[in-house]
Amino acid sequence: MSTKEELRRFALERRSARSVAEIRSSGAALAGRASAIAVRAQTVAAFLSTPTEPPTRQLLAALIRAGCEVIVPVVVGEQMDWARYTAGVATRTTALGVEEPIRDHLGPTALHDADVALVPALLVDRTGNRLGRGRGYYDRALADITVRTLAVVFDDELVEELPAEPHDRRVSGVLRPAGLLEF
């Protein structure tokens, strides 16, 4: 088994090699999965994807059309706060390269009110171990909650096994362009 850093490098290199067409098609496919999430959720915690991540904008729009309230993270220091996401909301790009809404924050506990959390991942394994970028924001945010969590990845980023440490928080499923898989 490779180390987390080796796996991160591998995943990031593979993502940077994806074609624009593949990324766009993945975004459309993810949006097509919104009903599978919306049927069991009033509030969805999600994220605004970076250019190399599976695109989430169409998915968020589809969730909103389905009647879900969508909240997205806003980084404050070493913690995540949350803000409502709506179509056309003004955003800014942070020093980490992540877009955040420019609006009132809901507080770090807003995640507790979500029915499902869609979280970014570079890789996820079939037991729910998630490999993120290594800063620990999601591990800290998910540490004391029981919300259903789904890692959002490209189809080939679901792997058999990943290294995990005691502080790593497992996800309860994975959302890929090919579909939703719960563990």
Side-chain angles (χ1 to χ4, degrees), residues 1-27 29-30 33 37 44-60 71-82 91-100 108 111 114 116-145 147-183:
M1 186 182 310
S2 300
T3 68
K4 284 184 172 185
E5 275 311 307
E6 290 169 335
L7 289 166
R8 279 188 188 98
R9 269 193 307 280
F10 166 76
L12 289 168
E13 286 171 10
R14 189 162 54 178
R15 279 189 174 180
S16 67
R18 291 186 194 279
S19 72
V20 172
E22 180 185 1
I23 292 171
R24 280 190 188 138
S25 127
S26 294
L30 288 171
R33 309 288 177 216
I37 297 164
V44 177
F47 63 99
L48 296 170
S49 57
T50 65
T52 60
E53 290 177 322
T56 59
R57 296 265 185 328
Q58 289 175 285
L59 172 60
L60 301 185
I71 62 173
V72 296
V74 178
V75 174
V76 178
E78 292 297 311
Q79 299 298 318
M80 287 197 302
D81 200 329
W82 298 86
T91 62
R92 67 182 174 99
T93 303
T94 69
L96 297 174
V98 176
E99 280 191 71
E100 300 177 336
L111 181 59
V116 64
L118 303 177
V119 300
L122 293 172
L123 298 167
V124 65
D125 74 17
R126 295 185 178 277
T127 64
N129 290 314
R130 172 190 156 274
L131 182 69
R133 293 191 180 253
R135 297 207 163 137
Y137 286 102
Y138 277 93
D139 288 325
R140 287 188 296 278
L142 298 171
D144 62 347
I145 64 166
V147 67
R148 183 172 148 232
T149 54
L150 302 172
V152 179
V153 295
F154 290 105
D155 290 328
D156 60 0
E157 293 175 339
L158 176 61
V159 299
E160 289 303 316
E161 185 181 10
L162 288 172
E165 297 172 41
H167 68 271
D168 291 331
R169 296 292 163 231
R170 288 184 180 203
V171 293
S172 49
V174 61
L175 178 63
R176 305 175 297 151
L180 172 64
L181 175 65
E182 303 220 31
F183 303 128

Considering residues at least two apart in sequence or located in another chain, which fulfil the salt bridge (charged side-chain N to carboxylate O under 4.0 Å, His left out) criterion with D156?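 Here the qualifying residues are R14, R18.
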If you round to the nearest 0.5 Å, how far is [atom2] of [Y] from [atom1] of [X]?
X: L60; Y: I71; atom1: CG; atom2: CD1; result: 11.5 Å
X: E99; Y: T93; atom1: CD; atom2: OG1; result: 4.5 Å
X: R169; Y: D144; atom1: CZ; atom2: CG; result: 8.5 Å

Check whether Y137 forms a cation-pi arrangement with R140 (NZ or CZ under 6.0 Å from the six-membered ring centre, at most 45° off the ring normal).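 Verdict for Y137: a cation-pi partner in R140.
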Sub-4.5 Å side-chain heavy-atom contact between [X] and [Y]:
X: Q79; Y: P73; value: no
X: L7; Y: L122; value: no
X: R57; Y: S49; value: yes
X: L111; Y: L142; value: yes
X: L175; Y: R33; value: yes
X: T94; Y: V75; value: no
X: P163; Y: T3; value: no

Heavy-atom closest pair, residues [X] and [Y]:
X: F183; Y: V174; value: CZ-CG1, 4.0 Å
X: F47; Y: T56; value: O-OG1, 2.8 Å
X: A141; Y: M80; value: CB-CE, 3.4 Å
X: A121; Y: V153; value: O-CG1, 3.7 Å
X: A178; Y: D155; value: N-OD1, 2.8 Å
X: P54; Y: L30; value: CB-CD1, 3.7 Å

Pairs flagged by salt bridge (charged side-chain N to carboxylate O under 4.0 Å, His left out) wherever residues 172-183 is involved - sequence neighbours left out: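 Of all non-adjacent pairs touching residues 172-183, those that pass salt bridge (charged side-chain N to carboxylate O under 4.0 Å, His left out) are R40-E182, R148-E182.
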Please tabulate, for the side chains in residues 127-134, all donor-acceptor contacts under 3.5 angstrom to protein atoms that are two or more places apart in sequence or on a different chain.
{"residue": "T127", "atom": "OG1", "partner": "D125", "partner atom": "OD1", "Å": "2.8"}
{"residue": "T127", "atom": "OG1", "partner": "N129", "partner atom": "ND2", "Å": "3.2"}
{"residue": "N129", "atom": "OD1", "partner": "R170", "partner atom": "NE", "Å": "3.3"}
{"residue": "N129", "atom": "ND2", "partner": "D125", "partner atom": "OD2", "Å": "3.0"}
{"residue": "R130", "atom": "NE", "partner": "P120", "partner atom": "O", "Å": "2.7"}
{"residue": "R130", "atom": "NH2", "partner": "P120", "partner atom": "O", "Å": "3.0"}

Examine distances only and state if a side-chain atom of [X] and a backbone atom of [Y] form a donor-acceptor pair shorter than 3.5 Å.
X: D139; Y: D168; answer: no
X: T149; Y: S172; answer: yes
X: R92; Y: E100; answer: no

Would you check, one step at a time, whether the test side-chain contact (heavy atoms from CB on, under 4.5 Å) holds for E53 with V152? CA-CA 9 Å; E53 290 177 322; V152 179; over 6 Å; no
With side-chain contact (heavy atoms from CB on, under 4.5 Å) as the test, would you mind laying out the steps for R126 and L158 before giving the verdict? CA-CA 7 Å; R126 295 185 178 277; L158 176 61; 3.6 Å; yes
